There are 2 protein chains.
Amino acid sequence: MDTTQDTQEAHAVAAFHALANETRLRMLRCLVAAGREGMAAGDVARAVGASPSRASFHLAALAETGLVLSERAARQVTYRVDFAAIGGLVAYLLHDCCGNAPEVRRCCGLPAC
Amino acid sequence: MDTTQDTQEAHAVAAFHALANETRLRMLRCLVAAGREGMAAGDVARAVGASPSRASFHLAALAETGLVLSERAARQVTYRVDFAAIGGLVAYLLHDCCGNAPEVRRCCGLPAC
DNA sequence: TCCATGTTTCAAGAATCGTTGAAATGGGTC
DNA sequence: GACCCATTTCAACGATTCTTGAAACATGGA
């Protein structure tokens with residue numbers, strides 16, 4: 001039996017794994033900075049100092065978890081952060097994982113629930 | 001040269017790595033549920049269905065990143081979540097990584113900045 | 001001291017992950 | 001078609017991580 005919780009948990013584990021790498025975390029920050037416009041794969045690669053194949057490998061890993069989306073436009077592939085997916089991860093950490101513990105919320109400058 | 005940002009980033013990568021494992025994520029949730037009282041290592045092990053050595057390995061990994069703290073009391077070792085550390089990670093994701101993007105905050109039921 | 005309990009350490013092996021460079025693919029221009 | 005540019009795929013290799021069971025360590029009680 002596979003409960004909703006198990007699925008959520010597996011998804012969270014995958015997302016955390018995606019963020020548990022310096023190259024990927026830097027890529028994500030680049031893409032966040034780029035906003036809704038997104039960035040071409042090659043530009044991300046240059047920005048983080050990764051070879052094309054390395055960049056492709058890590059961008060694919062980010063896309064695999066749904067944290068970023070990709071879209072081909074002519075020759076280039078544009079990657080774009082899925083802000084809702086990141087929000088979902090933060091929500092998981094805050095609500096499901098930490099039960100909205102006031103002390104956690106306080107650390108983020110958030111009002112208690 | 002090692003900037004503050006690099007240190008922060010390295011710390012975040014380590015924390016995400018700690019959460020990127022089913023056993024450890026379950027342990028963390030157990031410990032959050034246990035609150036300030038914490039839980040003995042053996043109880044955590046039973047709760048997540050891990051052998052003593054496996055539990056010790058993963059609890060040590062969590063402690064290594066500072067997400068949990070340990071304290072020996074008599075024969076037992078009590079593990080306790082460091083709520084501030086988790087809050088710090090959420091804050092990193094929300095502020096440093098996502099620049100407080102309104103769309104991310106909205107997904108967590110947070111007011112825009 | 002001897003024994004029982006709780007936890008950590010260790011070594012060995014399997015599995016997963018990340019890097020590299022070369023080759024392949026997709027798509028535009030001449 | 002021939003050519004170029006952007007990206008992905010692939011195979012090989014090294015590095016890291018996880019699991020397992022046995023042994024060691026720490027502590028308290030008989």
Side-chain angles (χ1 to χ4, degrees), chain A residues 6 9-31 34 37-81, chain B residues 6 9-31 34 37-81:
Chain A
D6 287 347
E9 181 187 75
H11 193 260
V13 166
F16 288 132
H17 176 259
L19 299 180
N21 175 278
E22 186 183 302
T23 302
R24 287 193 295 264
L25 193 53
R26 286 188 179 162
M27 285 175 154
L28 191 76
R29 294 183 62 161
C30 268
L31 291 172
E37 302 261 313
M39 256 173 113
D43 292 337
V44 177
R46 269 181 293 280
V48 305
S51 70
S53 77
R54 190 152 80 96
S56 181
F57 172 79
H58 287 300
L59 285 169
L62 285 170
E64 179 74 19
T65 69
L67 289 172
V68 308
L69 304 166
S70 69
E71 191 182 357
R72 174 146 229 150
R75 275 187 254 211
Q76 308 194 333
V77 176
T78 297
Y79 282 87
R80 211 182 311 278
V81 166
Chain B
D6 287 347
E9 181 185 76
H11 193 262
V13 166
F16 287 132
H17 176 258
L19 299 181
N21 175 278
E22 185 184 301
T23 302
R24 288 193 295 264
L25 193 54
R26 287 187 178 163
M27 285 174 153
L28 192 76
R29 294 184 61 161
C30 269
L31 291 171
E37 303 259 315
M39 256 174 113
D43 292 337
V44 178
R46 270 181 293 280
V48 305
S51 70
S53 78
R54 189 151 79 98
S56 181
F57 173 79
H58 287 300
L59 284 169
L62 284 170
E64 179 73 19
T65 69
L67 289 173
V68 308
L69 305 166
S70 69
E71 190 183 355
R72 174 146 228 150
R75 274 185 253 212
Q76 309 194 332
V77 176
T78 296
Y79 283 87
R80 213 180 310 277
V81 166

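Here is the naming used below: chain letters follow the sequence lines, and residue numbers restart at 1 for every chain. Owing to the predicted nature of the structure, the values given are computational and were not obtained by experimental measurement.
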Checklist entry - Can you tell me how far P of C/dT9 sits from NE2 of B/His58, to the nearest Å? => result 15 Å

Next on the checklist: In whole Å, I'd like the distance from the CE atom of B/Met27 to the C1' atom of D/dC18.
Outcome noted: 13 Å

Checklist entry - Can you check whether B/Tyr79 reaches B/Leu62 side chain to side chain, under 4.5 Å on heavy atoms? => result no

Checklist entry - Could you give the CG-to-C1' distance, from B/Leu25 to D/dC18, as a whole number of Å? => result 16 Å

Next on the checklist: Classify A/Ala40 by what it touches in the nucleic acid, base, sugar-phosphate, or nothing, heavy-atom distance under 4.0 Å.
Outcome noted: sugar-phosphate

Next on the checklist: Between A/Tyr79 and D/dT8, is there a contact of a side-chain N or O with OP1 or OP2 at under 4.0 Å?
Outcome noted: yes

Checklist entry - With respect to the phosphate group of D/dC18, does any side-chain polar atom (N or O) of B/Asn21 fall under 4.0 Å of OP1 or OP2? => result yes

Next on the checklist: Taking only side-chain N and O atoms of A/His17, does any of them lie within less than 4.0 angstrom of OP1 or OP2 on C/dC17?
Outcome noted: yes

Checklist entry - With a 4.0 Å cut-off on heavy atoms, is B/Ala45 in touch with a base, just the backbone sugar-phosphate, or nothing at all? => result nothing

Checklist entry - Rounded to the nearest 0.5 Å, what separation is found between the CD atom of B/Glu22 and the CG atom of A/Asp6? => result 7.5 Å

Item to check | Protein-nucleotide distance (B/Leu59, atom CG; D/dC18, atom P), rounded to Å | outcome: 13 Å

Checklist entry - Say you draw a straight line from CE of A/Met27 to CG of A/Leu67; how long is it, rounded to the nearest 0.5 Å? => result 13.5 Å

Checklist entry - Which value, rounded to the nearest 0.5 Å, describes the distance between A/Arg46 atom CZ and A/Met39 atom CE? => result 8.5 Å

Next on the checklist: Mind checking if B/Arg24 touches a base, just sugar-phosphate, or nothing, with heavy atoms under 4.0 Å?
Outcome noted: sugar-phosphate

Checklist entry - For D/dT20, does OP1 or OP2 lie under 4.0 Å from any side-chain N or O of B/Arg54? => result yes

Checklist entry - Any side-chain heavy atom of A/Ser70 sitting closer than 4.5 Å to one from A/Leu59? => result no

Next on the checklist: Measure CZ/A/Arg72 against P/D/dT7 and give the value in whole Å, please.
Outcome noted: 8 Å

Checklist entry - To the nearest angstrom, how far is A/Arg75 atom CZ from C/dA24 atom C1'? => result 17 Å

Checklist entry - How would you label the contact of A/Ser53 with the nucleic acid (heavy atoms, under 4.0 Å): base, sugar-phosphate, or nothing? => result base

Next on the checklist: Need to verify one output field. Residue with the more 5' nearest nucleotide on DNA chain D, A/Ala60 or B/Thr23?
Outcome noted: A/Ala60

Checklist outcome for this item: From CZ of B/Phe57 across to P of C/dG6 the rounded distance in Å is 23 Å

Item to check | Interatomic distance where CZ belongs to B/Phe16 and P belongs to D/dT16 [whole Å] | outcome: 22 Å

